[in-house]
A.B. asks: 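Pasting in a structure now, in structure tokens, and then I'll have a few things to ask.
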Amino acid sequence: MPATAPATTVGQRAVVLGGSIAGTLAARVLADHYREVVVVDRDEVLGVDQPRRGAPHTAHAHGLHGRGFLILAELFPGLRADLQARGVPVGDLGEMRWYFDARRLEPARTGLLSSTGQRPVIEEYLRSRVAGMPNVSYRQRTELTGLRATADRISGVALRDARTGRESVLDADLVVDATGRGSRTPVWLEQLGYDRPVEERMKIGLAYTTRLYRKRPEMFGGTQSINPVASPAHPRGAFFGQVGPDECILSLTGILGDQPPADPDGFLDYVRSLPVPEIYQAVRDAEPLTDPVTFTFPASLRRRYERLTRFPDRLLVLGDAVCSFNPVYGQGMTVAAMEVMALRRLLLRGAPPDARRFLRDVGRIVDVPWQISTSGDLEFPQVSGNRPASVRIGNAYMARVQYAATRDPAVTAAFMRVAGLVDPPGTLLRPGLVRRVLRLSRDMRSRRATGAPTGRVTASI
Ligand SMILES: Cc1cc2nc3c(=O)[nH]c(=O)nc-3n(C[C@H](O)[C@H](O)[C@H](O)COP(=O)(O)OP(=O)(O)OC[C@H]3O[C@@H](n4cnc5c(N)ncnc54)[C@H](O)[C@@H]3O)c2cc1C
């Protein structure tokens with residue numbers, strides 16, 4: 001792998017717990033700065049390009065959008081060409097067919113890329129490149145059972161081999177917890193005499209049910225994916241994407257306990273109930289390649305590590321272990337990538353990363369996507385949570401942005417840059433854009449009521 005950063009060695013051994021997306025990316029940057037990097041996962045991960053027990057969510061549609069793709073392309077030169085050579089589609093984020101409130105956004109060339117390939121396939125591609133680095137090794141089917149500490153510093157991890165049951169301790173100069181949402185770090189912190197991080201939750205009662213189909217060329221009408229995103233007026237949503245040369249994925253989403261059925265007839269009935277007809281038209285007589293599978297996601301969860309005043313040195317936490325967002329916003333992998341870049345910036349200073357400094361950086365990175373995801377969820381009246389004026393006004397404006405984007409590709413492009421975590425949400429408040437959004441959404445209420453079509457404008461900002 002070509003080095004993307006000058007290699008300054010800051011330690012002997014870094015241990016990465018969890019070999020999924022966050023762990024893989026962390027190992028990638030740590031390998032430039034530690035003599036040895038060991039990745040531990042309870043599953044067999046090397047060579048595995050299918051959903052597995054430790055990561056069942058990877059069976060469902062995953063878009064690697066915008067900033068996430070940009071970062072990965074920087075860490076893994078040749079990413080786009082390699083994925084495309086494997087038949088994994090990569091296209092412009094703004095040119096996918098997006099529906100908000102059952103209205104189609106004007107497609108826009110944004111220059112931001114998005115891959116709709118199957119998550120395990122992309123992950124395996126990245127993992128195989130990391131595993132090929134000479135100083136990276138894997139301990140597979142190995143369960144993390146605890147942290148080891150001396151004074152105020154983590155010194156290693158306790159492991160159990162899942163095949164033999166044999167317990168061992170692996171010493172480490174740095175331990176990175178990337179074990180996902182089920183991370184046990186809060187419990188182990190408490191056992192070591194530290195506070196647990198405060199946890200914030202937003203209950204949304206979300207469910208995905210997913211099925212793969214054989215792809216036919218006419219299904220997508222020339223676009224990479226068709227995505228009617230759930231809204232309060234149309235709470236049933238879907239992500240229907242091309243994933244490979246012969247396959248496509250359909251993930252149905254339901255919120256607040258409305259779980260898309262996993263029996264084939266019920267699944268198809270749910271497809272028919274979507275607010276846009278083309279997905280039903282595409283799959284009603286298509287050849288299914290898998291049975292439908294369901295994943296439930298009761299609540300988004302954020303752990304406020306950045307607020308802890310005491311934290312052991314040489315322990316970092318990232319990815320879903322810190323924050324797991326409502327997945328419909330497609331942010332989790334991108335946020336993990338952004339966190340890993342923050343880690344790389346600290347490593348480039350030529351010293352072991354300061355844990356509290358890193359966790360503060362992570363907190364700042366998570367702020368915006370957490371705000372996007374929780375504010376969006378609060379649009380649904382049945383979701384409980386505070387709705388201060390900032391959230392109500394912000395949501396009312398976002399609805400207008402999405403409506404204006406059904407008429408104006410420049411608004412779509414601005415919106416996609418924010419959704420893809422490339423631009424901060426404040427860019428949607430640029431005076432020229434605000435004027436445009438308000439003008440184009442003047443008739444939003446009456447059109448919402450009548451369902452009348454919108455009309456495209458062609459002028460640019
Ligand atoms: C239905 C769904 C759809 C999604 N869609 C998108 C999307 O479109 N775009 C997007 O960017 N994000 C999406 N996400 C979010 C994304 O999947 C997560 O943000 C991402 O998986 C986080 O990666 P991670 O490596 O932090 O954790 P995980 O992927 O959860 O991986 C954790 C790893 O740790 C291992 N592990 C756990 N405990 C132990 C232990 N004790 N010992 C050893 N190993 C252990 C597991 O085996 C696993 O490999 C979606 C999520 C869901 C649920």
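Whatever order the structure lists ligands and atoms in, that order sets their numbers, starting from 1.
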A.B. asks: Does ligand 1 have an atom that lies less than 4.0 angstrom from a heavy atom of Gln331?
C.D. replies: yes
A.B. asks: State, without any angle test, whether Tyr99 and Arg104 hold a side-chain donor-acceptor pair at a distance under 3.5 Å.
C.D. replies: no
A.B. asks: Decide yes or no on side chain to side chain contact (heavy atoms under 4.5 Å, CB included) for Ser231 and Phe100, but give the supporting numbers first.
C.D. replies: CA-CA 7 Å; Ser231 64; Phe100 284 82; over 6 Å; no
A.B. asks: Can you report which non-hydrogen protein atom sits closest to atom 27 (O) of ligand 1, along with the distance?
C.D. replies: Gly180 CA, 3.5 Å
A.B. asks: Classify the side-chain pair Thr110/Asp92 by whether it contains a donor and acceptor separated by less than 3.5 Å.
C.D. replies: yes
A.B. asks: So, Arg52 and Asp41, do they make that salt bridge, N to O below 4.0 Å?
C.D. replies: yes
A.B. asks: For His57, take its heavy atoms, then give the atoms of ligand 1 lying under 4.0 Å from any of them.
C.D. replies: 17 (O), 21 (O), 28 (P), 29 (O), 30 (O), 52 (C), 53 (C)
A.B. asks: Starting from atom 23 (O) of ligand 1, what is the nearest protein heavy atom, named by residue and atom, and what distance separates them?
C.D. replies: Ile21 CG2, 3.1 Å
A.B. asks: Based purely on interatomic distance, does Val40 place a nitrogen or oxygen under 3.5 Å from a nitrogen or oxygen of ligand 1?
C.D. replies: no
A.B. asks: Check Arg67, Arg344, Arg28, Arg80 against Glu74 for a salt bridge (Lys or Arg N to Asp or Glu O under 4.0 Å) and give me the one that passes.
C.D. replies: Arg344
A.B. asks: Show me which atoms of ligand 1 lie under 4.0 Å from any heavy atom of Gly54.
C.D. replies: 46 (C), 47 (O), 48 (C)
A.B. asks: Considering the heavy atoms of Glu143, write down every atom of ligand 1 situated less than 4.0 Å from one of them.
C.D. replies: 41 (N), 42 (N)
A.B. asks: Are Arg129 and Phe76 in a cation-pi setup, meaning NZ or CZ lies under 6.0 angstrom from the ring centre and within 45 degrees of the ring axis?
C.D. replies: no
A.B. asks: Has ligand 1 got any nitrogen or oxygen that is less than 3.5 angstrom from a nitrogen or oxygen of Ala22?
C.D. replies: yes
A.B. asks: Could you tell me which atoms of ligand 1, counted from 1 in the order shown, lie closer than 4.0 angstrom to a heavy atom of Ala178?
C.D. replies: 32 (C), 33 (C), 34 (O)
A.B. asks: Under a 4.0 angstrom heavy-atom cut-off, which atoms of ligand 1 come close to Phe295?
C.D. replies: 53 (C)
A.B. asks: Taking the basic N atoms (NZ, or NE/NH1/NH2) and the acidic carboxylate oxygens, is any pair closer than 4.0 Å for Arg160 and Glu143?
C.D. replies: no
A.B. asks: Does the distance from a Lys or Arg side-chain N to an Asp or Glu carboxylate O, for Arg236 and Asp258, drop under 4.0 Å?
C.D. replies: yes
A.B. asks: If only side-chain N and O atoms count, and only distance matters, is there a donor-acceptor pair under 3.5 Å linking Ser375 with Asn395?
C.D. replies: no
A.B. asks: Can you name the atoms of ligand 1, numbered from 1 with element, that are less than 4.0 Å from a heavy atom of Gly319?
C.D. replies: 26 (O)
A.B. asks: Out of all atoms in ligand 1, which are within 4.0 Å of some heavy atom of Met333? Include the element for each.
C.D. replies: 9 (N), 10 (C), 11 (O), 12 (N), 19 (O)
A.B. asks: Relative to atom 5 (N) of ligand 1, which among Gly332, Gly330, Gly146, Ala61 owns the nearest non-hydrogen atom?
C.D. replies: Ala61
A.B. asks: Among protein heavy atoms, which sits nearest to atom 37 (C) of ligand 1, and what does the distance come to when rounded to 0.1 Å?
C.D. replies: Thr179 O, 3.3 Å
A.B. asks: Which residue and non-hydrogen atom of the protein lie closest to atom 51 (C) of ligand 1, and at what distance in Å?
C.D. replies: Pro327 CB, 3.5 Å
A.B. asks: Heavy atoms only: which of Val317, Asp177, Asp320 is nearest to atom 22 (C) of ligand 1?
C.D. replies: Asp320
A.B. asks: With a cutoff of 4.0 Å, is Leu159 in contact with ligand 1, counting heavy atoms of the residue only?
C.D. replies: no
A.B. asks: May I ask whether Arg119 has any heavy atom positioned less than 4.0 angstrom from an atom of ligand 1?
C.D. replies: yes
A.B. asks: Of the non-hydrogen atoms in Gly117 and Ile122, which two are nearest, and what is the gap between them?
C.D. replies: O-CD1, 3.9 Å
A.B. asks: Between the side chains of Glu339 and Arg364, is the shortest nitrogen-to-carboxylate-oxygen separation below 4.0 Å, so that they form an ion pair?
C.D. replies: no
A.B. asks: For atom 13 (C) of ligand 1, tell me which residue out of His60, Arg160, His65, His62 has the closest non-hydrogen atom.
C.D. replies: His62
A.B. asks: Give me the nearest non-hydrogen protein atom to atom 28 (P) of ligand 1 as residue plus atom name, then the distance to 0.1 Å.
C.D. replies: Ser20 OG, 3.5 Å
A.B. asks: Just to confirm my output: which protein heavy-atom neighbour is closest to atom 35 (C) of ligand 1, and how far is it?
C.D. replies: Asp41 OD2, 3.3 Å
A.B. asks: Kindly indicate whether a cation-pi arrangement holds for Arg97 with Phe240, taking the cut-offs as under 6.0 Å to the six-membered ring centre and within 45° of the axis.
C.D. replies: no
A.B. asks: I need the nearest protein heavy-atom contact for atom 9 (N) of ligand 1: residue, atom name and distance, please.
C.D. replies: Gly63 O, 2.9 Å
A.B. asks: Quick one: nearest non-hydrogen protein atom to atom 44 (N) of ligand 1, plus distance?
C.D. replies: Arg42 N, 3.1 Å
A.B. asks: In plain terms, say whether Asp313 and Arg356 are close enough for a salt bridge, that is, a side-chain N and a carboxylate O under 4.0 Å apart.
C.D. replies: no
A.B. asks: Of the backbone atoms (N, CA, C, O) and the side-chain heavy atoms from C-beta on, which set of Val45 has a member under 4.0 Å from an atom of ligand 1: side chain, backbone, both, or neither?
C.D. replies: neither
A.B. asks: Is a donor from one side chain sitting under 3.5 angstrom from an acceptor on the other, for Glu106 and Thr412?
C.D. replies: no
A.B. asks: When you check the gap from the basic side-chain N to the acidic O, do Arg303 and Glu199 get nearer than 4.0 Å?
C.D. replies: yes
A.B. asks: Taking the non-hydrogen atoms of Arg52, is any one of them nearer than 4.0 angstrom to ligand 1?
C.D. replies: yes
